[in-house]
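Comments concern the structure below.
Here the structure is a predicted model, which means the values were calculated and not measured. So you know, we letter chains A, B, ... as the sequences are listed, proteins then strands, and number each from 1.
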Number of protein chains: 2
Amino acid sequence: MRASDIDRVRELPIFADVAPEIFRVATAGAHVQRFPAGTMLLLEGDPVDFLYVLLEGQVELHGTWNDHDTVMTILRPVSTLILAAVVLDTAALMSARTLERCEILMIPGDAIRTAMRLDSHFAMAVSRDLAGSYRGVVRNMKNIKLRNSTERLANYLLALRAVGDGGSIVRLHHEKRVLASLLGMTPENLSRSFAALNKCGVAVQGSVVTLSNIAALEHLAKPDPLIDNYAPRGGEIVGDADAEIWLSEHGREKPR
Amino acid sequence: MRASDIDRVRELPIFADVAPEIFRVATAGAHVQRFPAGTMLLLEGDPVDFLYVLLEGQVELHGTWNDHDTVMTILRPVSTLILAAVVLDTAALMSARTLERCEILMIPGDAIRTAMRLDSHFAMAVSRDLAGSYRGVVRNMKNIKLRNSTERLANYLLALRAVGDGGSIVRLHHEKRVLASLLGMTPENLSRSFAALNKCGVAVQGSVVTLSNIAALEHLAKPDPLIDNYAPRGGEIVGDADAEIWLSEHGREKPR
DNA sequence: GCAGGCGTTTGATACAAATCAAGCCAAGCA
DNA sequence: TGCTTGGCTTGATTTGTATCAAACGCCTGC
């Protein structure tokens with residue numbers, strides 16, 4: 001591994017508190033690898049030998065059943081992939097595919113488990129990462145079970161705005177068919193949901209979306225801090241445990 | 001805490017490998033409490049001060065939004081509740097309610113976090129529990145996004161059979177309206193889904209379900225080890241990492 | 001420039017699920 | 001016994017979503 005890579009890895013949340021010698025154990029046999037867009041990194045059901053850490057690019061996790069498939073989440077840097085499977089030393093439940101050119105750190109699963117055994121701080125960091133991921137899926141599940149597709153889209157747009165510059169113009173990060181699957185609908189219905197949001201001041205042109213009436217959009221979307229992982233709840237001070245928040249396409253919470 | 005309670009707690013997966021002095025730290029200030037059926041243990045958004053360990057009874061975790069609510073999972077002994085929130089020291093994303101009389105061990109969150117810092121084996125056990133929970137929700141999510149309601153019911157019945165005695169008669173563990181919400185449908189549609197499964201040999205009488213044509217039911221359900229957490233995949237030997245499996249109403253995987 | 005391909009949009013239709021409204025049934029109780 | 005209650009079922013209807021089909025726009029490669 002190159003020195004510049006080591007520096008970047010050092011900054012990952014899961015390695016923040018780790019002693020130097022443990023860091024060496026954890027990253028023993030680790031290497032950074034580059035993948036082109038559209039690469040299948042991992043198929044669901046595969047045994048997992050490496051922990052993947054996404055340093056650059058976007059990766060989609062998706063699931064398949066009976067000739068259907070659905071995008072479960074989309075990860076952006078810096079995120080771990082399949083940490084749960086590594087911790088349990090078991091098969092992956094989701095497939096992973098690069099959506100664009102990616103740079104990924106691959107760490108042998110054994111090294112991760114050994115480092116956890118040797119350093120409680122590292123094991124705690126892993127726990128925090130997993131706890132954040134767990135809560136991410138729970139939020140996602142509430143989103144799917146409690147809202148209809150237009151409401152999900154509206155909240156997605158508001159979340160995009162919140163993690164961006166907060167202006168009234170947001171850019172979609174993915175192809176619409178990918179976004180549709182992530183939001184649990186068909187591409188056709190994503191189109192129609194966008195059309196339905198016209199009356200809330202939403203205008204789409206390619207991947208650029210203009211939100212000209214945030215109040216109306218919020219009235220329809222009814223964003224909720226227990227589902228949508230952004231922005232502190234009304235008037236609270238930022239800085240406490242849960243106010244520091246981070247979004248990865250309705251993905252996971254940021255472990256502290 | 002009574003000596004008999006201590007013995008039971010000792011057997012919990014997360015305390016299996018823990019040194020005696022750490023066990024004492026972790027359970028400092030812990031106590032067992034009994035709750036009647038229908039008790040709200042925790043409201044979503046509440047700060048979480050205790051880790052709950054369900055020793056007896058059933059607890060439902062549910063989420064709310066905009067006057068709707070949905071059952072996210074149902075836990076049976078022995079399970080931890082809201083471990084993720086305890087690890088991150090943050091607010092709960094789901095409400096918890098007892099479905100029947102329950103016996104619950106309550107451990108101060110501070111004690112858990114301290115014990116994790118002191119003992120890497122305990123921190124690893126927490127990681128495994130969280131990893132199992134994470135994978136449980138992922139399975140649940142795939143179930144919801146990839147299957148229609150009748151398919152979900154069919155798989156639920158097969159899962160019940162698998163964790164039971166494997167006979168052709170299974171007992172539903174919950175009221176039908178709770179089951180309906182858990183499976184992501186209305187009570188009315190649960191009725192209709194049961195009716196639709198008649199042609200696969202499914203007959204319902206109250207909470208007793210007779211499955212007289214497993215082959216037909218499986219043909220419709222198409223159970224998948226990457227969604228339905230029971231039974232080893234075809235012909236594999238039980239005993240390896242993931243074959244030892246355990247179901248809690250499509251809940252979580254058993255941490256080893 | 002033009003042809004082809006692919007992602008997207010639009011419309012028509014079919015299907016699935018939620019909702020609304022009765023009615024049923026068994027348990028609890030006066 | 002008769003009454004009420006709550007959970008469950010059944011039917012009619014509406015709403016939401018998927019599917020099918022066609023057309024459009026855009027980019028690419030020839």
Taking atom P of D:dT15 as reference, at what distance in whole Å does atom CZ of A:Arg147 sit?
23 Å
Rounded off to whole Å, could you give me the CD-to-P distance for the A:Glu175 and D:dC26 pair?
16 Å
Once you round to the nearest 0.5 Å, how far does CG of B:Leu75 lie from OG1 of B:Thr80?
8.0 Å
Is there a side-chain contact between A:Lys142 and A:Ile227 in this structure, where contact means two heavy atoms from C-beta onward sitting under 4.5 Å apart?
yes
Atom CG of B:Leu153 to atom C1' of C:dA17: distance rounded to whole Å?
15 Å
Would you mind listing every salt bridge (Lys or Arg N to Asp or Glu O under 4.0 Å) that reaches into residues 168-183 of chain B, with sequence neighbours excluded?
B:Glu175-B:Arg177
Smallest heavy-atom separation, A:Ser193 atom then A:Thr150 atom, equals OG-OG1, 3.3 Å
Value in whole Å for how far the P atom of C:dA17 lies from NZ of B:Lys145
16 Å
Nearest to the side chain of A:Ser149, which nucleotide is it out of D:dT17, D:dA18, C:dT8?
D:dT17
Residues of residues 201-209 of chain B with a heavy atom under 4.0 Å from any atom of DNA chain D, listed by number, are none
Return yes if a side-chain donor-acceptor contact under 3.5 Å exists between B:Arg76 and B:His173, otherwise no.
yes
Whole angstrom is fine here: how far is it from CG in B:Leu99 over to P in D:dG7?
13 Å
Would you mind reading off the distance between A:Asn148 atom CG and C:dT19 atom P, rounded to a whole angstrom?
11 Å
Mark yes when over 12 heavy atoms from residues, nucleotides or ligands other than B:His31 sit less than 6.0 Å from its NE2; otherwise mark no.
yes
Rounded to whole Å, please give me the gap between CD in B:Glu151 and C1' in C:dC15.
13 Å
Side chains of A:Gln58 and A:Glu60 in contact at under 4.5 Å (non-hydrogen atoms):
no
Tell me: CE of A:Met185 to C1' of D:dT15, nearest whole Å?
16 Å
Angle between ring planes, B:His174 versus B:Tyr156, binned at 30° and 60°: parallel, tilted or perpendicular?
tilted
Interatomic distance, CG@A:Leu183 vs CG@A:Asn155, rounded to 0.5 Å, equals 10.0 Å
Would you jot down, in residue-number order, the residues of residues 186-198 of chain A having a non-hydrogen atom under 4.0 Å from DNA chain C?
A:Glu188, A:Ser191, A:Arg192
